[in-house]
Amino acid sequence: MNSYVVHELEFLKELNPSQRTAVELTEGPVLVIAGPGSGKTRVLTYKVAYLIATKKASPMQIVALTFTNKAANEMKRRIVELIGVAGEAVFAGTFHAFAARVLRMFGDKVGIERNFTIYDEKDSQALIKDIIEELGYQHERVLTPSYVYERIERLKERFVTPEDTPMYEYPDREVRNIYREYNVRLQHNNALDFADLLFYAWRVLRESEVARERFSKKYILVDEYQDTNRAQYEILKVLAQKYRNITVVGDEDQSIYRWRGADIHNILDFEKDFPDAKVIRLEENYRSTKRILRVATHLISFNILRKGKQLYTTNPEGDRVKIIEAYDERDEARKVVDIVENAGRNLGDFAILYRTHFQSRTFEEELQRRGIPYVVVGGLRFYERKEVKDALAYLKVLVNPRDTVSLIRVIENPPKGIGKVTLKKLQQYAERHGNSLYGVLREVEAIPDIPARIKGHIITLYQNIERWRHLDVKPAELLDKILGESGYWEWIGDDEERIENLRELIASLREYEELEDYLRTVALFTDIDEWRSDRQKLNLMTLHSVKGLEFPIVILTGLEEGLFPHYKSLNEPEELEEERRLFYVGITRAKERVYITYAMSRRRRVCMRSRFLNELPSEEIDFEW
DNA sequence: TAAGTTCCCGTTTTT
DNA sequence: CGGGAACTTA
């Protein structure tokens with residue numbers, strides 16, 4: 001080994017023995033079971049650096065898949081830190097971003113056009129809502145767009161087609177009918193939903209040898225493996241087929257996305273799927289006090305679905321966990337904010353965690369009252385704001401005129417003299433003539449039953465869109481122009497916040513030369529990706545958002561039956577275990593102290609303290625009434 | 001027929 | 001508190 005390489009490998013000394021083994025075991029399948037705070041991101045980044053430094057692979061031959069953009073960016077940043085700019089060439093991204101890239105290059109192999117639109121949950125639900133009405137199901141109370149969407153996505157993630165959808169009980173048949181029509185519409189709209197991205201990418205990789213060659217990386221690394229769903233798992237299998245060098249890192253005790261299709265069995269059964277897999281456990285915790293670790297360990301031992309692990313730390317013993325009872329949610333907020341104010345620490349040292357978003361409101365009110373600065377992480381997210389979605393809809397239509405969901409949004413915002421009745425007529429006409437809604441706008445003269453005045457509005461809209469489509473300007477400039485010419489700026493008036501959001505959107509567009517690139521990226525972006533810690537602000541977020549983060553002091557709130565565990569999880573033992581894992585994730589975010597609160601009544605209803613509180617070791621706990 | 005207004009509903013977690 | 005349905009106005 002020459003001295004250059006030896007120097008490059010100095011960083012290995014920063015790893016403990018098991019971390020180092022995980023890094024140095026480069027060939028064959030490796031499962032790393034990584035407890036909270038055990039340095040799993042470190043293992044992943046160092047492994048990438050190691051592969052490159054030892055010349056086992058070029059950056060191009062490595063793919064690192066993560067669950068969030070934030071994790072991906074963080075990984076990339078640390079790789080570059082270790083080995084320099086060469087690290088930029090490593091693909092580090094989410095499964096969905098990876099899939100979108102595969103489809104951009106090879107989508108035509110499975111009939112996907114280059115300019116496809118990605119539908120987010122809301123877009124998809126708008127489509128589903130339409131279908132429900134058309135099929136006459138709008139009075140079936142259970143068949144809400146969100147319910148149906150969820151059912152369909154779960155089916156898609158397991159590659160179940162409408163035809164193969166089983167029909168056991170009541171709404172199955174209806175769901176199947178909607179599912180069938182939903183797929184047809186997506187195709188007409190030249191659009192893919194989240195599950196489609198994974199499904200079609202999988203098909204491309206299976207069916208096209210060229211694509212498989214291009215994307216079969218020599219080394220595959222997967223973060224948060226416990227949260228992968230079936231489709232993601234199948235993609236991994238195809239990718240790993242050739243070289244079989246796959247390292248997955250995860251913790252079954254932190255699997256909290258079952259409701260979104262994550263299959264904990266992917267990690268529990270990894271050794272069955274890859275019989276020659278080496279298993280490494282990272283059990284030394286560098287984050288929390290001994291006390292916190294004991295409490296967390298005791299709690300999670302109530303779960304059955306796990307591999308089990310022995311966490312330990314050389315950190316100090318630490319303070320006992322404090323449980324605080326409140327009268328109601330407002331009293332809870334007061335007591336929580338009291339803790340924060342009296343601790344004499346930076347506000348950024350605290351995280352207030354809750355099960356559901358709506359709980360943030362009471363805390364926000366209290367904080368505003370006392371003039372304490374705070375951030376709500378992942379509340380109503382930037383890209384889900386109405387004005388942002390509207391603006392993006394204009395851009396989407398320009399790239400993909402068949403995207404009817406976006407086109408309708410354009411028609412409605414701001415209002416253009418084309419109302420519900422006319423819209424229905426246009427849609428029906430489109431349906432009958434096998435044309436897209438956009439195609440019909442062009443031929444509006446030929447449609448009967450539409451007043452001339454309204455036809456005028458339609459023609460104006462059509463001409464505007466055509467003009468915008470053929471403008472040869474950069475994306476940011478284009479959007480600015482559209483917002484002006486469509487009357488959007490006027491429409492929102494002096495709503496400062498909306499204006500600011502749109503300005504921000506235009507600013508984010510400036511980094512892009514190509515509208516298509518931008519739209520594909522933006523569809524897979526969320527707010528948490530943007531969040532940066534601020535020492536002077538108190539952090540408020542859900543337990544799901546907090547995964548992967550750590551804070552000196554963590555306050556877990558709303559420990560009440562029906563809220564946490566959430567009432568929807570009470571019937572299924574597996575779902576109850578997931579709630580417990582969520583609690584576990586929350587506790588293990590804390591470095592120094594944990595506070596837990598519950599209210600005796602919430603929203604004027606009496607409630608019972610959470611069963612999870614009885615699962616904490618009483619000798620580690622202080623109660624306060 | 002479009003668009004503005006009011007009122008009532010519910011609110012898990014999110015790539 | 002925002003979104004949507006139902007109602008009102010033009």
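Here is how names work: the chains are called A, B, and so on, in the same order as the sequence lines, proteins then strands, and each is numbered from 1.
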Exercise for the section: Give K424(A) one of three labels, base, sugar-phosphate or nothing, depending on what nucleic acid heavy atoms sit under 4.0 Å from its own. Expected result: nothing
Problem - NZ/NE/NH1/NH2 to OD/OE distance under 4.0 Å, K389(A) and D120(A) - result: yes
Practice task
For F67(A), answer base if it contacts any base atom (sugar-phosphate contacts may also be present), sugar-phosphate if it contacts only those atoms, and nothing otherwise; contact means non-hydrogen atoms under 4.0 Å.
Solution key: sugar-phosphate
Fill in the blank from the handout: Which of dA2(B), dA3(B), dT15(B) is nearest the side chain of I454(A)? It is dA2(B)
Practice task
May I ask you to decide whether K156(A) forms a salt bridge with D193(A), counting only side-chain N to carboxylate O separations under 4.0 Å?
Solution key: yes
Problem - Residue from Y257(A), F95(A), Y225(A) passing ring-ring contact (aromatic ring centres under 6.0 Å, His included) with F67(A) - result: Y257(A)
Problem - Separation of atom OH in Y383(A) from atom P in dT14(B), rounded to whole Å - result: 17 Å
Problem - Rounded distance in Å - CD (Q254(A)) to P (dT13(B)) - result: 20 Å
Completion exercise
To the nearest angstrom, the NZ-C1' distance between K386(A) and dG3(C) comes to 10 Å
Exercise for the section: Look at all strands and tell whether L582(A) reaches a base, only sugar-phosphate, or nothing, counting heavy atoms closer than 4.0 Å. Expected result: nothing
Identify the pairs formed between an N or O of the protein and an N or O of nucleotides 8-12 of chain B at a distance under 3.5 Å, and give each distance.
unit_1	atom_1	unit_2	atom_2	d
dT12(B)	O2	R355(A)	NH1	2.9
dT12(B)	O2	R355(A)	NH2	2.1

Exercise for the section: Determine: side-chain N/O of K420(A) to OP1/OP2 of dA3(B), distance under 4.0 Å, yes or no. Expected result: no
Fill in the blank from the handout: Separation of dT15(B) atom P from D263(A) atom CG, nearest Å, is 20 Å
Handout entry: Within 45° cone and under 6.0 Å: R603(A) NZ/CZ vs F358(A) ring
Key = yes
Exercise for the section: Return the 5'-most residue of the pair P451(A), F95(A) with respect to DNA chain B, ranking by each residue's nearest nucleotide. Expected result: P451(A)
Problem - Phosphate OP1/OP2 of dA2(B): any T422(A) side-chain N/O under 4.0 Å - result: yes
Problem - Neighbour count >12 (heavy atoms, 6.0 Å) for atom CD, E133(A) - result: yes
Practice task
Measure from CG on L192(A) to C1' on dT15(B) and round the result to the nearest Å.
Solution key: 15 Å
Problem - Rounded interatomic separation in angstrom, taking CG from L197(A) and P from dT14(B) - result: 20 Å
Exercise for the section: Give one of base, sugar-phosphate or nothing for E121(A), where a contact means two heavy atoms less than 4.0 Å apart. Expected result: base
Exercise for the section: Test Y584(A) against R580(A) for side-chain hydrogen bond (donor to acceptor under 3.5 Å, both in side chains), laying out the working first. Expected result: CA-CA 6 Å; Y584(A) 175 81; R580(A) 191 176 285 113; over 6 Å; no
Handout entry: Over 12 foreign heavy atoms within 6.0 Å of CZ, R101(A)
Key = no
Completion exercise
Whole-Å distance, D227(A) CG to dT13(B) P, equals 16 Å
Exercise for the section: Verify the contact: side-chain N or O of K129(A) to OP1 or OP2 of dA5(C), cut-off strictly under 4.0 Å; return yes or no. Expected result: yes
Exercise for the section: Nearest whole angstrom, please: distance from the P of dA2(B) to the NZ of K425(A). Expected result: 7 Å
